[in-house]
Amino acid sequence: MTTLRSDFLKAAKARGYVHQCTDEQALDSRLMSGVVPAYIGFDCTAPSLHVGSLVSIMLLRLLQRSGHKPIVLMGGGTTKVGDPSGKDESRKLLTDADIAANMAGIKTVFSRFLTFGDGPTDAVMVNNADWLDKLHYIAFLRDYGRHFTINRMMSFDSVKLRLEREQPLTFLEFNYMILQAYDFVELARHYKCALQMGGSDQWGNIVNGVELGRRAENQELFGLTTPLLTTSSGAKMGKTAAGAVWLNPDMLSPYDYWQFWRNTEDADVGRFLRLFTELSESEILRLESQEGAGINEAKKILAGEATRMAHGEEAAKAAAETARKTFEEGSLSADLPTLTLEAEETVYTLLVRAGMAASNGEARRLIKGGGIKLNDAPVTDELAKLTPADLKDGPIKLSAGKKRHALLKSA
């Protein structure tokens, strides 16, 4: 087995970022020869990215810390088509205004993780609508479509999966992989980008870009994917009963973000510390070997480090202090998620509003199971109601289990 020499690939493999690589030894040599620009694309399908995108963002951060240049590609053009990778059905088509608004929300995340500027290793952000919107369709097909065969495109998982499940794959979506491949060629041409990275579901699209660069431009390009991230219990990373774990604070509070990491399964602590923090390997080995109360302290360190990077030092400290007051002192904190009670409302609908249950039915089952409390007193009636008058003496703490809490306040 050949030893890797480049700081980036050595660290990326050691910390668990690498799933597949098109030509690892050749890429390692390229990384040793000077600054390598590399990109990851982010389509603008929502006003915020969620934790599922965080591995990619952290990989760009590691790339920059290793002396190379990150390119953040905003999918202003490809979002109009919709990536079929990993999807059972077509994405909802968004308007140009929706895409622009989503892009504005997404952009804010990256400045917390990357240094942007004009220097050789400073990150840059580009929008593929700048070139895709200007394509002349017939000329584009003549120049680039001839490098793709239907036979080859049908072999990719994103296509096979949809067809095997007898779900329609539109001709619009079928073009996505060609457009993504062309993005790589454009970035190689104008930014000297030599490496495309992304999640494992993007492998086929990335390989297409590598091949198109070789055939159309006679360029040696590389691809690298990260593993599909699931928890030890098999759950998809970044999904909870209450929905996605968003990176923007206006869609998920820093406290709730901190709590998400604090609730990490014991078996995932070491892996998540390697992927989502920059703690040393020796410190991670110490933390992941803890048991009992020690592993809980490790989870708090994970929560603090992850929240600090996403939301800043002050937000991380405030979230940790709120948790300490709530769980260790048993007191109410003004920083807890807050719901306003304006009229009579059932406890189960309040649970749904607080994000503690995904539906009214699930909330009622939680109550019947004895897992819901108001000011630490169990709720026994699944149809129990609260009115603003119940809050005349101050806010009430609504709890689901030991770790999820919200404040109820009157209007």
Measuring centre to centre across the rings, with the benzene-like ring taken for any Trp, is Tyr191 within less than 6.0 Å of Tyr39? no

Suppose we call two aromatic rings close when their centres sit under 6.0 Å apart. Are Phe116 and Phe110 close by that rule? no

With Thr349 via side chain to side chain contact (heavy atoms under 4.5 Å, CB included) - residues at least two apart: Glu345, Thr346, Asn360

Set of residues satisfying side chain to side chain contact (heavy atoms under 4.5 Å, CB included) with respect to Ala315, sequence neighbours excluded: Pro254, His311

Tell me, with the steps shown, if Gln20 and Thr225 meet side chain to side chain donor-acceptor pair (under 3.5 Å). CA-CA 5 Å; Gln20 295 162 297; Thr225 63; 3.1 Å; yes

Please confirm whether the backbone N or O of [Y] pairs with a side-chain atom of [X], one donor and one acceptor, at under 3.5 Å?
X: Arg262; Y: Lys300; answer: no
X: Asp28; Y: Leu9; answer: no
X: Arg30; Y: Gln25; answer: no
X: Asn248; Y: Asp250; answer: no
X: Asn205; Y: Gln202; answer: no
X: Asp122; Y: Asp118; answer: yes
X: Arg353; Y: Thr340; answer: yes
X: Arg274; Y: Ser280; answer: no
X: Arg61; Y: Phe113; answer: yes
X: Glu217; Y: Gly213; answer: no

Just jot down the ring pair (Phe, Tyr, Trp, His ring centres under 6.0 Å) partners of [X], sequence neighbours excluded, or say none.
X: Phe222; result: none
X: His68; result: none
X: Phe276; result: Trp261, Phe272
X: Phe140; result: Tyr144, Tyr182

Considering only NZ, NE, NH1 and NH2 on the basic side and carboxylate oxygens on the acidic side, decide whether [X] and [Y] come within less than 4.0 Å.
X: Asp133; Y: Lys80; result: yes
X: Arg214; Y: Glu211; result: no
X: Glu362; Y: Arg365; result: no
X: Arg15; Y: Glu281; result: no
X: Asp7; Y: Arg65; result: no

Quick one, Leu114 with Leu60, criterion side-chain contact (heavy atoms from CB on, under 4.5 Å). Give me CA distance, side-chain angles, the key distance, then yes/no. CA-CA 8 Å; Leu114 302 172; Leu60 287 174; 4.1 Å; yes

[X] side chain near [Y] side chain, heavy-atom distance below 4.5 Å:
X: Asp390; Y: Leu374; value: no
X: Leu228; Y: Asp201; value: no
X: Ser56; Y: Phe42; value: yes
X: Met356; Y: Leu351; value: yes
X: Val72; Y: Lys107; value: no
X: Thr78; Y: Leu132; value: yes
X: Thr115; Y: Gln64; value: yes
X: Leu252; Y: Leu247; value: no

Please report the C-alpha distance between Ile367 and Thr380 in whole Å, then the side-chain angles of each, then the deciding distance to 0.1 Å, and finally whether the side-chain contact (heavy atoms from CB on, under 4.5 Å) criterion is met. CA-CA 6 Å; Ile367 295 172; Thr380 56; over 6 Å; no

Work out which heavy atom in [X] is nearest to a heavy atom in [Y]; give both atom names and the distance.
X: Asp183; Y: Asn128; result: OD2-ND2, 2.9 Å
X: Val379; Y: Ala384; result: CG1-CB, 4.0 Å
X: Gly199; Y: Thr226; result: CA-OG1, 3.5 Å
X: Pro227; Y: Ser200; result: C-OG, 4.2 Å
X: Gly209; Y: Leu221; result: O-CD1, 3.9 Å
X: Leu4; Y: Lys10; result: O-CD, 3.3 Å

Would Asp266 and Lys299 count as a salt bridge (Lys or Arg N to Asp or Glu O under 4.0 Å) here? Give the steps. CA-CA 8 Å; Asp266 291 2; Lys299 292 178 186 181; 2.5 Å; yes

Does atom NZ (Lys373) have a neighbourhood of more than 12 heavy atoms from anything else shown, all under 6.0 Å? no

Roughly how far, to the nearest 0.5 Å, is the [atom2] atom of [Y] from the [atom1] atom of [X]?
X: Leu62; Y: Ile57; atom1: CG; atom2: CD1; value: 14.0 Å
X: Ser53; Y: Leu59; atom1: OG; atom2: CG; value: 12.5 Å
X: Leu49; Y: Ile106; atom1: CG; atom2: CD1; value: 4.5 Å
X: Glu283; Y: Leu273; atom1: CD; atom2: CG; value: 8.5 Å
X: Asn208; Y: Gln196; atom1: CG; atom2: CD; value: 10.0 Å
X: Met74; Y: Asp130; atom1: CE; atom2: CG; value: 12.0 Å

When you measure from the centre of the six-membered ring of Tyr348, is the NZ or CZ of Arg364 under 6.0 Å away and within 45° of the axis? yes

What's the verdict on side-chain contact (heavy atoms from CB on, under 4.5 Å) for Lys317 and Arg308, showing C-alpha distance, side-chain angles and the deciding distance? CA-CA 8 Å; Lys317 287 180 178 178; Arg308 180 181 59 79; over 6 Å; no

Can you list the steps and then say if Trp131 with Leu179 is a side-chain contact (heavy atoms from CB on, under 4.5 Å)? CA-CA 10 Å; Trp131 53 84; Leu179 297 177; over 6 Å; no

Are Thr231 and Asp268 linked by a side-chain donor-acceptor pair shorter than 3.5 Å? no

